Asker: 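The structure under discussion is supplied below as structure tokens; questions concerning it will follow.
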Amino acid sequence: MTPLPISFYLRDDVLLIAKELIGKVIETNINGQRTSGIIIETEAYAGIDDKASHAYGGRRTKRNEAMFGTGGNAYVYLCYGLHHLFNVVTNKNDVPHAVLIRGVLPFQGIATMENRRRLKATHPRFSTGPGTLTQALGIGMQHNMIGLQCNELTIRDGNFIIAEDEIKTTPRIGVDYAGEDALLPYRFLLHGSSLDRLRGALSGLDENR
DNA sequence: CGCTTGATTCGC
DNA sequence: CGAATCAAGCGA
């Protein structure tokens, strides 16, 4: 299975990319352990005019430097001093667009992820939430700024077909500080019924394909 | 410098 | 509901 092409990430429309990432597969290969998850929730952060974005007003620091890099790189940062949050950088160099990955469905390497999380994969908060999925997949600061075509951390198309009407759109979470931009419908997630359908499809699949 | 606040999670 | 835990970001 091949990584999504760079052209996927270089496009201007970060909202469209955030929506299209639903159903795609994040895969990590760390110390010979392959783990992966299917993306079920994302948020778009739309550049220097977006008050919720770390890059609002053109703010450029050591932390958010990755956002100013080229699309197709990872932006990983520490939140609340303890959680690593994983973003996909989009658009061209110096246009700081990004998509925050907020939830995945456990797919491959479930035993490895259960060890990292010290939780059973059936636990409701196993990998739903931006800080828990990074822990499950083993994503950390060592992945900040790396290209998503690499073996260690990549996103590919798992051919899970998601229809337009299976995706719900809401305001973003935890961005109250962003004033009126906190109300923008920039969060995308699978409907509950579609989640169940996906879960059902997964239970019939060979985990090692 | 020192103080405040997060793109959060978990346990009580 | 509050603790954990640290680096931006901001004002002095």
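Proteins come first, then strands; the chains are lettered A, B, ... in the order of their sequence lines, and each starts at number 1. As the structure is a computational prediction, the values presented were derived from the model and not from experiment.
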Asker: Does the protein touch nucleotides 6-12 of chain B at the base, only the backbone, or not at all? Give it as B, S and - per nucleotide, heavy atoms under 4.0 Å.
Answerer: BBBSB--
Asker: Step by step, would you call A:Ser36 with A:Gln108 a side chain to side chain donor-acceptor pair (under 3.5 Å)?
Answerer: CA-CA 5 Å; A:Ser36 73; A:Gln108 296 161 301; 2.6 Å; yes
Asker: Where along residues 13-28 of chain A does a heavy atom come under 4.0 Å from DNA chain C, residue by residue in number order?
Answerer: none
Asker: A:Arg60: which residues meet the salt bridge (charged side-chain N to carboxylate O under 4.0 Å, His left out) condition with it, sequence neighbours left out?
Answerer: A:Glu65, A:Asp94
Asker: Checking A:Thr35 now: which residues fulfil side-chain hydrogen bond (donor to acceptor under 3.5 Å, both in side chains) with it, not counting sequence neighbours?
Answerer: A:Thr28, A:Arg116
Asker: CG of A:Asn64 versus C1' of C:dG9: gap in Å, rounded?
Answerer: 12 Å
Asker: Output yes when a side-chain donor or acceptor of A:His191 lies under 3.5 Å from a complementary backbone atom of A:Ser193, and no otherwise.
Answerer: no
Asker: Under the side-chain hydrogen bond (donor to acceptor under 3.5 Å, both in side chains) rule, collect the residues that match up with A:Arg63, sequence neighbours excluded.
Answerer: none
Asker: To the closest 0.5 Å, what do you measure between OG1 (A:Thr134) and CE (A:Met141)?
Answerer: 11.0 Å
Asker: Could you tell me whether the side chain of A:Thr154 and the main chain of A:Asn151 form a donor-acceptor pair under 3.5 Å?
Answerer: no
Asker: Using a strict threshold of under 4.0 Å (side-chain N to carboxylate O), is an ion pair present between A:Asp12 and A:Lys92?
Answerer: yes
Asker: According to side-chain hydrogen bond (donor to acceptor under 3.5 Å, both in side chains), who are the partners of A:Tyr9, at least two apart in sequence or on a separate chain?
Answerer: none
Asker: Taking N or O atoms only and anything under 3.5 Å, show me the protein contacts with nucleotides 1-4 of chain B, one pair per line.
Answerer:
none

Asker: Could you work out the separation of B:dC10 and C:dA7 based on their C1' atoms and round it to a whole Å?
Answerer: 22 Å
Asker: Which pairs with one or both residues in residues 139-150 of chain A pass side chain to side chain donor-acceptor pair (under 3.5 Å), sequence neighbours excluded?
Answerer: A:His143-A:Glu152
Asker: Does the structure place the NZ or CZ of A:Arg11 under 6.0 Å from the centre of the six-membered ring of A:Phe8, at an angle of no more than 45° from the ring's axis?
Answerer: yes
Asker: Give the dot-bracket string for DNA chain C, reading 5' to 3', where a pair is Watson-Crick or G-U wobble with both distances under 3.5 Å, ( ) marks pairs inside the strand, [ ] marks pairs crossing earlier ones, | marks a partner on another strand, and . marks unpaired.
Answerer: ||||.||||||.
Asker: Taking N or O atoms only and anything under 3.5 Å, show me the protein contacts with nucleotides 10-12 of chain C, one pair per line.
Answerer:
none

Asker: Evaluate A:Glu43 against A:Ile173 for side-chain contact (heavy atoms from CB on, under 4.5 Å), listing each step before the verdict.
Answerer: CA-CA 9 Å; A:Glu43 277 176 4; A:Ile173 303 296; 3.7 Å; yes
Asker: Can you tell me which residue pairs pass the salt bridge (charged side-chain N to carboxylate O under 4.0 Å, His left out) test with a partner in residues 183-198 of chain A, sequence neighbours excluded?
Answerer: A:Glu41-A:Arg187, A:Glu166-A:Arg197
Asker: What heavy-atom pair brings A:Cys150 and A:Ile146 nearest, and what distance separates the two atoms?
Answerer: SG-CD1, 3.7 Å
Asker: Other than A:Tyr77, which residues form its hydrophobic cluster under the rule that side-chain heavy atoms must be closer than 4.5 Å?
Answerer: A:Tyr45, A:Met67, A:Phe68, A:Tyr75, A:Leu85, A:Val89, A:Leu100, A:Val175, A:Tyr177
